[in-house]
Amino acid sequence: MDRIYLSPPHVGPVERELLLDAFDSNWITPLGPHVDAFEAEIAEYVGTHSAAALASGTAGLHLALGLVGVGPGDDVVVPSFTFAATAFAATYLGARPCLIDSEPGTWNLDPDLLAADLAERATARRLPAAVVTVDLYGQCADYDRILPLCAQYGVPVVEDAAEALGATYRGRAAGTLADVGIFSFNGNKIITTSGGGMLVARDPEHVRRARYLAAQAREPALHYEHSEIGYGYRMSNLLAALGRGQLRGLPGKLARRRAVHERYRAALADRPGVGFMPVSAAGTPNHWLTVITLDPALGVTPADVCAHLERHDIEARPAWKPLHLQPAFAAAPMLGGPVAEAAFRTGCCLPSGSAMTDADVDRVIDALLGALPATG
Ligand SMILES: *Cc1c(COP(=O)(O)O)cnc(C)c1O
């Protein structure tokens with residue numbers, strides 16, 4: 001039996017053909033026709049005017065925060081319950097990540113804590129330079145509350161939709177809900193370019209400027225003129241070709257991830273002590289990963305389940321370790337914490353790849369049930 005991975009790349013003949021087209025055309029460069037086409041196709045898919053293809057999602061976050069004005073000495077509000085890259089990006093600009101707990105309903109940035117924090121900061125004249133929202137595991141944050149709050153204080157919002165391509169919130173595409181949004185095409189995401197990212201923005205000028213900064217801030221002169229500091233953050237034409245193939249398969253991948261999720265739900269719903277990451281009625285998640293929760297009363301931790309599945313050659317992972325518990329962010333201020341801590345203590349990510357067969361899912365379920373205490 002083959003190993004079952006958490007969320008492996010899922011590629012096919014379309015990707016192969018496009019990649020070879022890029023190869024044969026000798027556009028083996030950063031930029032090229034596939035980059036332009038991939039940008040246009042992503043923009044169309046999420047319903048915006050333009051997009052900037054980048055080397056990674058993290059590069060996108062770095063540029064996004066700079067675009068909305070974050071600089072040295074600033075505070076940037078970031079949810080604690082996320083992948084570290086969300087907060088790393090703020091530090092690249094010399095800003096300080098200020099962490100906030102999750103809300104129980106989505107496991108994303110808690111709007112009540114944010115409201116209290118912004119009110120207090122307004123009084124102290126220490127408003128953050130930006131708020132970063134994360135659409136964790138492919139489910140959107142509570143934008144109906146977060147966006148008006150930030151608008152009230154004039155604080156820009158950056159949406160880390162690295163995990164959420166294909167998800168929607170009140171019918172609008174994840175990534176397009178805030179001032180600037182980013183996607184990741186890392187190897188484990190819902191579509192991949194092996195490594196890559198994309199930036200979208202409400203203001204077309206932000207996208208144009210992201211492209212310029214990502215291309216070493218090179219101005220149009222024969223001798224390469226630079227009046228600003230730039231970055232080597234552009235996506236290569238080869239990888240954009242791969243991404244175009246992946247994007248064509250996205251509807252099918254979304255449907256499959258949902259079916260995998262539903263199969264887990266059907267098999268585990270009645271299992272005492274086993275729950276699922278909450279799903280908000282405001283949106284449709286992309287089901288990037290199915291996350292179950294294990295009641296501590298079961299006496300089985302996510303780490304126990306991962307170790308047990310590993311013995312069956314199945315990869316699983318605990319939920320993200322909150323950033324306020326990470327040594328790298330030990331000095332970061334933190335507001336609240338019990339929701340993220342509970343999600344980390346109880347959450348376990350199950351294999352969710354779009355290439356999984358029903359038999360693969362059943363193999364995971366069987367192995368998982370073997371890790372849980374027997375029921376009567
Ligand atoms: C994957 C991920 C990133 C980083 O994306 P890369 O393309 O790997 O740089 C950022 N934020 C979150 C929430 C992610 O899951």
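Ligands are counted one by one from 1 in listed order, and the atoms in each one are counted from 1 as well. All figures in this text were calculated on a predicted structure; none of them were measured in a lab.
Within the 4.0 Å heavy-atom criterion, neither part of Leu136 lies near ligand 1. If you look at Ala162 next to ligand 1, the close heavy atoms, those under 4.0 Å, all belong to the side chain.
Atoms of ligand 1 lying under 4.0 Å from at least one heavy atom of Thr86, given by number and element, are 11 (N), 13 (C). Those atoms of ligand 1 with a heavy atom of Thr82 less than 4.0 angstrom away are 13 (C). Here is the list of ligand 1 atoms found below 4.0 Å of a heavy atom in Ser56: 7 (O), 9 (O). Taking every non-hydrogen atom of Ala85 and a distance limit under 4.0 Å, the qualifying atoms of ligand 1 come out as 4 (C), 10 (C). Atoms of ligand 1 found under 4.0 Å from any heavy atom of Gly196, numbered from 1 in the order shown, are 7 (O).
Here the protein heavy atom with the shortest distance to atom 15 (O) of ligand 1 is Glu163 OE2, 2.5 Å. Ranking protein heavy atoms by distance to atom 11 (N) of ligand 1, first place goes to Asp160 OD2, 2.8 Å. Considering only non-hydrogen protein atoms, atom 5 (O) of ligand 1 sits nearest to Ser184 OG, 3.2 Å. Looking only at protein heavy atoms, the nearest one to atom 9 (O) of ligand 1 is Thr58 OG1, 2.5 Å. Here the heavy atom of the protein found nearest to atom 1 (C) of ligand 1 is Lys189 NZ, 1.7 Å.
When only modelled atom types and interatomic distance are considered, His287 and Tyr137 share no side-chain donor-acceptor pair under 3.5 Å. A side-chain N or O of Thr106 and one of Glu103 form a donor-acceptor pair less than 3.5 Å apart. In this structure, a donor-acceptor pair under 3.5 Å is present between the side chains of Tyr212 and Glu228.
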Under 3.5 Å, sequence neighbours excluded: what are the donor-acceptor pairs made by side chains of residues 148-161?
| from | atom 1 | to | atom 2 | distance (Å) |
| --- | --- | --- | --- | --- |
| Glu159 | OE1 | Gly175 | N | 3.1 |
| Glu159 | OE1 | Thr176 | N | 3.4 |
| Glu159 | OE1 | Leu177 | N | 2.9 |
| Glu159 | OE2 | Tyr143 | OH | 3.4 |
| Glu159 | OE2 | Gly175 | N | 2.9 |
| Asp160 | OD1 | Ala162 | N | 3.0 |
| Asp160 | OD2 | Thr86 | OG1 | 2.8 |

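Ring centroids of Phe183 and Tyr45 are separated by 6.0 Å or more, keeping the two rings apart.
Here's the thing with Gly57: one of its N/O atoms is less than 3.5 angstrom from an N/O atom of ligand 1.
Taking the side-chain contact (heavy atoms from CB on, under 4.5 Å) definition, one finds that Ala221 meets it with His223, Glu225, sequence neighbours left out.
Within the 4.0 Å heavy-atom cutoff, Ala59 does not count among the residues contacting ligand 1.
Here the NZ atom belonging to Lys253 is positioned 12.5 Å from the CZ atom belonging to Arg248, to the nearest 0.5 angstrom. In this structure, the separation between OG on Ser352 and CZ on Arg256 is 11.0 Å, given to the nearest 0.5 Å.
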Checklist entry - Which is it for Arg96 and Asp74 under the salt bridge (charged side-chain N to carboxylate O under 4.0 Å, His left out) test, yes or no, and what are the steps along the way? => result CA-CA 6 Å; Arg96 176 175 76 150; Asp74 284 337; over 6 Å; no

